[in-house]
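Have a look at the structure below before the remarks.
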There are 2 protein chains.
Amino acid sequence: MRQNPARRRALLDAAIEVLARDGSRGLTFRAVDAEAAVPGGTASNYFTNRDDLLGQVTARTRERLTPVEAEVAATMRAPRNRDLVVRLMRELHGRMLRDRSSYLAMLELRLEATRRPELQAALTDVFSANLQDGIRFHLDAELPGDQTTVLVLYLAMSGLLVDDLTVPAVLAPFPREELIADLVERILPPEASPGLPS
Amino acid sequence: MRQNPARRRALLDAAIEVLARDGSRGLTFRAVDAEAAVPGGTASNYFTNRDDLLGQVTARTRERLTPVEAEVAATMRAPRNRDLVVRLMRELHGRMLRDRSSYLAMLELRLEATRRPELQAALTDVFSANLQDGIRFHLDAELPGDQTTVLVLYLAMSGLLVDDLTVPAVLAPFPREELIADLVERILPPEASPGLPS
DNA sequence: AACGTAGTACTACACTTGGAGTGGTGTCAA
DNA sequence: TTGACACCACTCCAAGTGTAGTACTACGTT
């Protein structure tokens with residue numbers, strides 16, 4: 001088993017690319033070798049089997065999908081109102097556009113997880129942590145809305161991402177910028193946070 | 001090319017099952033034969049190639065996912081308020097639970113469509129029609145809310161379905177019935193339809 | 001009632017592909 | 001000098017496809 005971390009990362013990034021381009025069906029050691037432009041047989045030396053590869057791809061994808069701290073910090077200098085939430089959602093959407101491969105790979109992994117308990121456990125951790133982080137972030141930052149708000153935003157954005165990744169033409173009639181603004185507007189009541197109803 | 005429609009349908013249903021259980025990776029003519037419990041080579045006689053099979057599977061899935069008219073009609077006897085929308089969303093979710101295979105197959109098809117223009121066109125039609133139907137149904141039935149409401153509901157429910165299909169444990173802490181009610185509550189303002197703001 | 005025919009079901013086989021894994025050699029750096 | 005790794009080549013194995021050939025069934029014909 002080889003150790004070279006740079007090469008391992010390169011292979012994992014190649015695997016993500018393959019996964020996004022050719023799907024789970026096309027993900028073979030040989031395809032990863034080719035995509036990473038390394039000699040045939042290399043992937044065999046770095047991963048014991050397909051499961052191992054998928055597991056490590058999951059971890060790598062998680063790294064790649066974590067937003068850059070600095071960028072978020074910059075955005076968070078603005079006042080805590082609905083416009084800021086809109087901006088955050090647009091940035092999330094932008095991240096998807098920029099790293100389409102990672103998001104597509106994640107979708108492939110979700111489906112693969114359907115039939116691989118270990119992978120499902122790993123992915124559940126990733127998404128649960130992601131959701132919890134989202135909720136905590138939202139509340140700590142004192143953004144308008146409560147836990148349920150974040151949950152519904154999470155779901156709607158999920159749906160939007162899936163559609164944009166797989167059948168973009170369906171929502172093409174609705175310009176993204178506006179759609180996201182509308183989405184937040186509907187989910188987040190106009191005035192007075194509903195998180196404190198009493 | 002064989003014509004027997006009953007057998008063709010059986011093969012397509014088998015293909016959906018295979019797709020849901022083993023994914024696109026496991027979808028081979030032989031696997032379909034095995035799942036349908038027909039002699040090996042049969043699928044070869046009914047579909048010219050994989051693309052052909054996928055195309056016909058798409059059509060079949062569409063059939064299977066169309067809600068039963070009568071069921072909807074029964075539900076629609078109720079007064080047009082938010083509770084009714086909640087009920088409709090719960091029924092949508094229930095349909096997913098009942099025909100999990102079809103929904104999973106659809107997800108697989110979405111990903112497959114990423115790299116097959118013909119399939120993408122077909123799926124775009126399916127989902128566009130679905131969305132348009134949803135909007136028209138909602139407005140014609142004079143349910144509370146406007147087009148944007150339906151759109152956001154569609155997105156949020158999409159997200160919920162994807163999560164429930166692939167990593168159900170993530171949203172397990174939030175009981176479905178309640179989650180769906182909350183979701184509608186947030187997206188659909190409590191009183192006075194926002195579709196007519198002026 | 002016997003025959004013929006068309007369409008299918010079924011079986012088996014031959015062919016091809018593609019990927020996995022591994023051993024061996026070369027290379028670089030500590 | 002030694003150990004880790006890159007690179008290359010080769011073999012083995014498994015899977016799937018498509019099709020030829022045979023058997024069956026139903027139906028129409030005379």
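Note on naming: letters A, B, ... go to the chains in the order of the sequence lines (proteins, then strands), and numbering restarts at 1 for each one. The figures here come from the full heavy-atom set of this structure, side chains too, leaving out hydrogens, waters and symmetry mates.
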In whole angstroms, how far is the P atom of dT19(D) from the CZ atom of R2(B)?
12 Å
Walk me through whether H93(A) and D164(A) qualify under side chain to side chain donor-acceptor pair (under 3.5 Å).
CA-CA 10 Å; H93(A) 189 260; D164(A) 269 357; 2.7 Å; yes
Is it true that, when you exclude E91(A) itself, more than 12 heavy atoms of the residues, nucleotides or ligands shown sit nearer than 6.0 Å to its CD?
yes
Could you give the distance from CE (M106(B)) to CG (L111(B)), rounded to the nearest 0.5 Å?
13.0 Å
Rounded off to whole Å, could you give me the CG-to-C1' distance for the N4(B) and dA6(C) pair?
14 Å
Think R50(B) forms a cation-pi with F29(B), using NZ or CZ under 6.0 Å from the six-ring centre and within 45 degrees of its axis?
no
For the side chain of N81(A) and the backbone of L84(A), is there at least one donor-acceptor N/O pair under 3.5 Å apart?
yes
Nearest whole angstrom, please: distance from the P of dA30(C) to the CD of Q3(A).
17 Å
Quick one: R7(A) CZ to dC28(C) P, roughly how many Å, whole number?
14 Å
Using a 4.0 Å cut-off on heavy atoms, which residues in residues 29-54 of chain A reach DNA chain D? List them by number, or say none.
P39(A), G40(A), Y46(A)
Only one of L123(B), D125(B), V126(B) forms a side-chain contact (heavy atoms from CB on, under 4.5 Å) with V167(A), so which one is it?
L123(B)
